[in-house]
Peer 1: 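Sending over a structure as structure tokens; questions will come in a sec.
Just so we're clear, the structure is a prediction, and the values are computed from it rather than from any experiment. Throughout, protein chains are lettered first and strands after them, A, B, ... in sequence-line order, and every chain is numbered starting at 1.
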Number of protein chains: 2
Amino acid sequence: MNLLLESIAKHVSLSTEEQERVLSLTESRQYNAKTIVLKEGETCTHSFFVTKGILRNYTIDENGMEHVVSFACPGWWIADMYSYLTQRPGHSFIEVNEEAEVLLLSKENQELLYAEVPKMERFFRILIENSLVANQQRLIDNMSFTAEARYDKFSKKYAGLIHSLPQKQIASYIGVTPEFFSKMKARLLKRH
Amino acid sequence: MNLLLESIAKHVSLSTEEQERVLSLTESRQYNAKTIVLKEGETCTHSFFVTKGILRNYTIDENGMEHVVSFACPGWWIADMYSYLTQRPGHSFIEVNEEAEVLLLSKENQELLYAEVPKMERFFRILIENSLVANQQRLIDNMSFTAEARYDKFSKKYAGLIHSLPQKQIASYIGVTPEFFSKMKARLLKRH
DNA sequence: AGGAACACTTAACCTAGGTTAAGAAATACA
DNA sequence: TGTATTTCTTAACCTAGGTTAAGTGTTCCT
């Protein structure tokens with residue numbers, strides 16, 4: 001069965017016609033690893049629902065350091081939220097980590113969908129609510145915990161993902177340099 | 001005119017009956033400064049729309065350190081989002097900073113509102129979207145910038161609020177100790 | 001008005017994590 | 001298959017920000 005429809009069905013129930021309408025407004029794409037699907041300064045015209053592979057959203061700060069905003073694996077959405085919502089040039093990149101298949105939903109089609117299938121507005125509201133809660137938690141974690149504890153949380157939360165990610169991206173997500181991450185990992189190993 | 005209705009009107013337009021329905025589902029309350037309206041471990045049954053005063057949402061970590069999640073002044077909503085959305089015991093406090101007047105909206109009434117006035121689902125979707133974007137930006141800022149730069153951003157963003165907040169709360173919001181904040185401020189003064 | 005309870009400051013000292021740099025391992029790619 | 005590029009490791013050294021502690025305002029409460 002279709003991963004997108006499954007994921008929608010977890011939060012709202014659509015008629016067969018509504019399901020078809022949803023799918024008709026999306027567009028399927030495939031990308032090779034390392035494809036950059038959105039660059040800093042571009043406007044994020046579509047959001048991406050991942051059906052295969054892994055994508056990531058990150059910023060590059062004024063010292064050239066990369067900071068991962070989010071990873072997306074199958075069943076997850078990804079976009080530069082600021083740019084997508086405002087339809088103004090964004091400040092982040094979206095890059096394909098591993099050969100991927102995605103469904104594209106353009107901003108216009110999303111608005112259409114809200115008008116035609118109100119349940120989809122509920123669906124996205126719930127998704128965004130969950131993102132917000134996760135994001136607030138991550139912010140508090142960054143202020144409350146040491147890098148080691150954050151890594152521990154990350155490992156548990158993204159257990160499936162963790163072995164598919166280069167260490168430097170994990171380091172960047174939890175907010176430390178790759179060098180420190182490497183040192184920390186060695187310390188953890190030595191302890192047991 | 002009513003601050004809540006004004007704020008709604010910025011995003012969706014309601015009929016007079018709809019406006020009345022919204023108001024009929026909220027409940028007005030007054031609180032003195034220092035009132036704790038939600039404690040860690042309690043379930044956040046209502047969200048608060050501030051019409052007067054200032055409230056703040058914060059967590060206390062395992063070392064007893066306070067971390068401010070958000071401030072709310074007139075025209076803003078505040079809640080323990082995790083607890084409010086899941087209706088499970090939360091991990092944060094909501095406290096009245098300055099004598100306040102608020103409108104309470106219970107979770108049940110919010111759901112009622114979504115069913116009766118679909119435009120309100122849009123309204124809250126947009127609000128949550130904006131929160132998410134602001135929160136993602138704050139997270140990235142914490143990883144990209146020094147405490148000084150974060151303070152600078154905070155001062156600009158909350159220019160109106162900043163003189164009503166004790167320094168320790170600003171320190172806690174930007175993610176430093178009150179002692180370091182004090183040192184930093186002295187340094188900034190000395191520089192010009 | 002007087003004192004308990006906070007809020008802020010300062011200063012000496014400490015540490016988690018950053019920086020630089022150089023080498024080793026792994027991947028990509030021709 | 002070899003070489004170029006990227007990732008990872010290690011180690012010496014550095015610094016932003018934390019900790020502790022003691023003193024000085026403030027506020028608030030009776």
Side-chain angles (χ1 to χ4, degrees), chain A residues 31-36 53-54 56 58 60-68 93 95-99 141-155 162-191, chain B residues 31-36 54 56 58 60-68 71 93 95-99 141-154 161-191:
Chain A
Y31 298 111
N32 293 327
K34 305 202 174 176
T35 309
I36 296 186
I54 303 175
R56 86 181 191 286
Y58 62 94
I60 296 185
D61 71 22
E62 47 200 22
N63 304 313
M65 309 287 286
E66 190 177 312
H67 304 283
V68 174
F93 297 80
E95 185 171 333
V96 177
N97 249 12
E98 273 183 15
E99 187 173 19
D141 286 356
N142 273 301
M143 302 204 288
S144 309
F145 298 153
T146 62
E148 225 167 89
R150 275 177 271 147
Y151 174 49
D152 200 58
K153 272 205 144 192
F154 182 86
S155 310
I162 208 161
H163 299 292
S164 323
L165 296 176
Q167 286 188 24
K168 56 178 299 204
Q169 287 179 18
I170 301 175
S172 156
Y173 185 95
I174 68 174
V176 296
T177 59
E179 294 84 353
F180 180 75
F181 186 80
S182 185
K183 172 159 67 176
M184 186 179 84
K185 241 193 35 173
R187 201 165 61 200
L188 287 173
L189 278 176
K190 211 169 283 179
R191 275 221 293 275
Chain B
Y31 298 111
N32 292 326
K34 304 201 177 175
T35 309
I36 296 187
I54 303 176
R56 87 183 189 285
Y58 62 94
I60 296 185
D61 72 22
E62 47 199 24
N63 305 314
M65 309 287 286
E66 188 177 312
H67 303 284
V68 174
F71 296 106
F93 298 79
E95 186 171 331
V96 177
N97 250 14
E98 271 183 17
E99 188 174 17
D141 286 355
N142 273 301
M143 303 203 287
S144 310
F145 298 153
T146 63
E148 223 167 272
R150 275 177 274 147
Y151 174 49
D152 200 58
K153 274 204 142 195
F154 182 87
L161 201 55
I162 208 158
H163 298 293
S164 322
L165 296 175
Q167 284 188 26
K168 55 178 301 204
Q169 288 178 18
I170 301 174
S172 156
Y173 185 95
I174 69 172
V176 296
T177 59
E179 293 86 353
F180 180 75
F181 186 79
S182 184
K183 171 158 67 175
M184 188 178 84
K185 244 193 34 174
R187 202 166 60 201
L188 286 173
L189 278 178
K190 210 169 283 176
R191 274 221 294 274

Peer 1: Choosing from D:dG18, D:dT9, C:dG17, which nucleotide comes nearest the side chain of A:Val176?
Peer 2: C:dG17
Peer 1: Nearest whole Å is fine: how far is C:dT20 P from A:Met65 CE?
Peer 2: 10 Å
Peer 1: Just the rounded figure in Å: distance from P of D:dA16 to CZ of A:Phe180.
Peer 2: 17 Å
Peer 1: Are any of B:Thr146's side-chain N or O atoms less than 4.0 Å away from OP1 or OP2 of D:dA16?
Peer 2: no
Peer 1: Measure from CD1 on B:Ile170 to P on C:dT9 and round the result to the nearest Å.
Peer 2: 11 Å
Peer 1: Using only side-chain N and O atoms of A:Arg150, determine if any of them is under 4.0 Å from OP1 or OP2 of C:dG17.
Peer 2: yes
Peer 1: Taking all non-hydrogen atoms of both residues into account, name the closest pair between B:Arg150 and B:Phe145 and its distance.
Peer 2: NE-O, 3.3 Å
Peer 1: Got a second to check how far A:Asn97's CG is from A:Thr35's OG1, nearest 0.5 Å?
Peer 2: 11.0 Å
Peer 1: Below the 4.0 Å mark, does C:dC8 have OP1 or OP2 next to a side-chain nitrogen or oxygen of B:Ser182?
Peer 2: no
Peer 1: Atom CG of A:Asn142 and atom P of D:dG18: how far apart are they, to the nearest Å?
Peer 2: 14 Å
Peer 1: Give a yes/no on whether any side-chain N or O of A:Gln169 is located under 4.0 angstrom from OP1 or OP2 of D:dT7.
Peer 2: no
Peer 1: Whole Å only: how far is the CZ atom of A:Phe145 from the C1' atom of D:dG18?
Peer 2: 18 Å
Peer 1: Take the protein atom CD of A:Glu179 and the nucleotide atom P of C:dA16, then report the distance between them rounded to whole Å.
Peer 2: 18 Å
Peer 1: Give every residue pair that meets the side-chain hydrogen bond (donor to acceptor under 3.5 Å, both in side chains) criterion with at least one member in residues 170-180 of chain A, sequence neighbours excluded.
Peer 2: A:Tyr158-A:Tyr173
Peer 1: In whole angstrom, give the distance that lies between atom CD of B:Glu98 and atom P of D:dC28.
Peer 2: 11 Å
Peer 1: Categorize A:Lys185 for me: base, sugar-phosphate, or nothing, with a 4.0 angstrom heavy-atom threshold over every strand shown.
Peer 2: sugar-phosphate
Peer 1: Whole angstrom is fine here: how far is it from CG in A:Asn97 over to C1' in D:dT7?
Peer 2: 14 Å
Peer 1: Measure from the side chain of B:Thr177, starting at C-beta and using heavy atoms only, and say which of D:dT9, D:dT19, C:dG18 lies closest.
Peer 2: D:dT19
Peer 1: Provide the closest heavy-atom pair for A:Glu95 versus A:Lys34 in the form atom of the first, atom of the second, distance.
Peer 2: OE2-CA, 4.0 Å
Peer 1: Could you work out which one of C:dA7, C:dT9, C:dG18 sits closest to the side chain of B:Pro166?
Peer 2: C:dA7
Peer 1: Of the nucleotides C:dT19, D:dT9, D:dC28, which one has an atom closest to the side chain of B:Lys34?
Peer 2: D:dC28
Peer 1: Answer yes or no: is there a side-chain heavy-atom contact under 4.5 Å between A:Ile162 and A:Tyr151?
Peer 2: yes
Peer 1: Considering only D:dG17, D:dT7, C:dG17, which nucleotide approaches the side chain of A:Lys168 most closely?
Peer 2: D:dT7
